[in-house]
Number of protein chains: 2
Amino acid sequence: MAGSSPEIVRKPRADAVRNRERVLAAAKAVFSAGGSEASLEAVARHAGVGIGTLYRHFPTREALYEAVYRREVEQLGDLAEQLQNAPEPVAALRRWLRANVQFVATKKGMVAALALVAAGSSELHAYSFDRLTKAIGTLLARAVAAGAIRSDISAEDVLRALIGMCYMHDQPGWQTTALRLLDVFVDGLRVQPPAKAAATAKPAKKVTSKPSRSPS
Amino acid sequence: MAGSSPEIVRKPRADAVRNRERVLAAAKAVFSAGGSEASLEAVARHAGVGIGTLYRHFPTREALYEAVYRREVEQLGDLAEQLQNAPEPVAALRRWLRANVQFVATKKGMVAALALVAAGSSELHAYSFDRLTKAIGTLLARAVAAGAIRSDISAEDVLRALIGMCYMHDQPGWQTTALRLLDVFVDGLRVQPPAKAAATAKPAKKVTSKPSRSPS
DNA sequence: TTGTAAACGGAGGATGCCTCCGTATATGGC
DNA sequence: GCCATATACGGAGGCATCCTCCGTTTACAA
């Protein structure tokens with residue numbers, strides 16, 4: 001049978017392609033809302049396909065996460081390429097980092113799921129880690145070459161910090177916080193004194209305010 | 001809080017107390033090893049009690065996580081208190097942050113589980129967030145008062161950054177990375193130019209080296 | 001010692017994961 | 001346009017885990 005034959009690939013059936021797409025879309029929607037608690041049966045239902053179909057396309061829960069995850073990573077990688085031509089290297093780096101926050105914001109519930117993936121499948125992790133590291137690498141290299149940023153911090157370091165800062169987002173104001181943290185971090189990266197630190201983000205506003213907790 | 005009845009509390013039974021303790025210990029052990037995949041039945045078995053007993057003490061999976069989580073938080077809070085009397089405020093802050101990394105390191109598998117808790121139960125989250133925020137707050141306040149650290153970053157901000165940085169730990173060398181990131185972050189916090197940045201951590205060693213990836 | 005509230009253990013219903021297989025259909029050859 | 005068949009579809013059902021419920025056991029107080 002098909003064992004050693006060169007390739008008699010019959011071209012994938014149209015309905016298969018359509019269904020795969022549907023499941024992927026449904027998964028993204030359901031996971032974004034329900035996090036890692038969403039049942040796969042719910043995804044299948046939402047996609048309008050049988051549970052069997054879902055499992056043929058994505059044999060395991062992880063496989064499904066992976067497919068979604070991979071897309072997200074691609075988009076971020078592309079953004080970095082665009083930013084390569086920006087005039088200010090440090091600003092470009094900062095922009096990309098901030099874009100990540102925005103990015104995560106729209107995915108809310110999905111992050112928990114993605115976290116599980118990142119910890120699990122090491123092959124995918126390697127891929128995405130590599131892709132994102134390179135994305136940061138190019139931005140970082142330019143800034144270092146311009147003498148604006150210290151050279152003893154690697155792209156991986158920055159990636160980890162970024163991911164870390166985007167992780168903790170359950171309170172209402174988390175985005176503001178994450179952005180502020182990134183500024184502090186970037187300031188820490190600079191070679192020059194971080195005098196006008198906060199100014200980069202919000203020139204005129206006092207940032208001392210806190211959400212609603214009790215700082216006492 | 002208080003109900004209104006005069007309370008005829010009969011004093012908890014000895015075996016109940018003992019079993020509760022056993023379950024808690026078993027849970028910590030099992031979760032630390034197996035992460036969030038460990039079944040509650042496994043915990044019960046490991047603790048040598050029936051599944052029903054486990055569920056009476058901790059009605060939901062979250063409740064069990066909570067109990068463990070709460071202890072960990074307590075310990076960190078206590079550490080902060082001890083550090084309050086340290087001579088160098090910035091160093092004390094840095095020490096506490098670094099201690100967290102160490103702390104997480106020994107809990108490996110449990111972090112995934114704890115992450116789920118943090119995202120779920122808002123009551124516990126509020127408590128621990130508060131406890132840790134205060135811990136950082138005292139350390140931070142001293143450093144600010146000494147004029148060594150900028151005053152526009154709140155304790156909550158620092159906590160978030162810290163948690164974030166400790167999160168991503170699946171690669172072998174994550175601890176080293178986390179510690180380096182914390183240094184950069186603390187440098188970003190400083191009022192004065194971060195000239196001797198890396199020096200605080202490792203006076204004489206060049207840190208430029210990167211693990212093994214391809215920075216190209 | 002004895003009565004009783006409190007705690008124990010595990011059977012079992014409910015739900016979700018994943019496999020398997022009979023049915024339906026898109027595709028390519030005629 | 002029609003047929004043959006590889007390909008894909010759907011969902012029933014086996015298995016594991018979650019959680020509840022209730023009959024039995026046990027520690028405590030009188």
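In what follows, chains are A, B, ... by sequence order, proteins preceding strands, each numbered from 1.
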Establish, with yes or no, whether the OP1 or OP2 oxygen of D:dC9 is under 4.0 angstrom from a side-chain nitrogen or oxygen of A:His57.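 Answer yes for this pair, as a side-chain N or O of A:His57 is under 4.0 Å from OP1 or OP2.
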Heavy atoms, side chains only, cut-off 4.5 Å: are [X] and [Y] in contact?
{"X": "B:Leu132", "Y": "B:Trp96", "answer": "yes"}
{"X": "A:Leu24", "Y": "A:Leu64", "answer": "yes"}
{"X": "B:Leu139", "Y": "B:Leu97", "answer": "no"}

Report the distance from atom [atom1] of [X] to atom [atom2] of [N], rounded to the nearest whole Å.
{"X": "A:Arg45", "N": "C:dC17", "atom1": "CZ", "atom2": "P", "answer": "10 Å"}
{"X": "B:Arg56", "N": "D:dC18", "atom1": "CZ", "atom2": "C1'", "answer": "17 Å"}
{"X": "B:Arg61", "N": "D:dC19", "atom1": "CZ", "atom2": "P", "answer": "7 Å"}
{"X": "A:Glu41", "N": "C:dA14", "atom1": "CD", "atom2": "C1'", "answer": "13 Å"}

Using a cut-off of strictly less than 4.0 Å between a heavy atom of the residue and any atom of DNA chain D, enumerate the qualifying residues of residues 13-23 of chain A by number.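 Under 4.0 Å from DNA chain D: A:Arg13, A:Asp15, A:Ala16, A:Asn19.
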Is there a residue in residues 46-55 of chain B whose heavy atoms reach under 4.0 Å of DNA chain D, and which residues are they?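 Contacts with DNA chain D under 4.0 Å: B:Tyr55.
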Quick one: list whatever passes side chain to side chain contact (heavy atoms under 4.5 Å, CB included) with A:Ala141, sequence neighbours left out.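 By the side chain to side chain contact (heavy atoms under 4.5 Å, CB included) rule, A:Ala141 matches no residue at all.
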Partner residues of A:Gln84 under the side chain to side chain contact (heavy atoms under 4.5 Å, CB included) criterion, sequence neighbours left out: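 Counting only residues at least two positions away or on another chain, A:Gln84 forms a side chain to side chain contact (heavy atoms under 4.5 Å, CB included) with A:Glu81, A:Thr138.
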Expected list for residues 48-60 of chain B: side-chain donor-acceptor pairs under 3.5 angstrom, two or more places apart:
| from | atom 1 | to | atom 2 | distance (Å) |
| --- | --- | --- | --- | --- |
| B:Thr60 | OG1 | B:Glu62 | N | 3.3 |
| B:Thr60 | OG1 | B:Ala63 | N | 3.0 |

How about A:Arg131: does its CZ atom have over 12 heavy atoms from other parts shown lying under 6.0 Å from it?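 Count over threshold, so yes.
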Pairs flagged by salt bridge (Lys or Arg N to Asp or Glu O under 4.0 Å) wherever residues 17-27 of chain A is involved - sequence neighbours left out: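 Checked against salt bridge (Lys or Arg N to Asp or Glu O under 4.0 Å) - neighbours excluded - the pairs reaching residues 17-27 of chain A are A:Glu21-A:Arg71.
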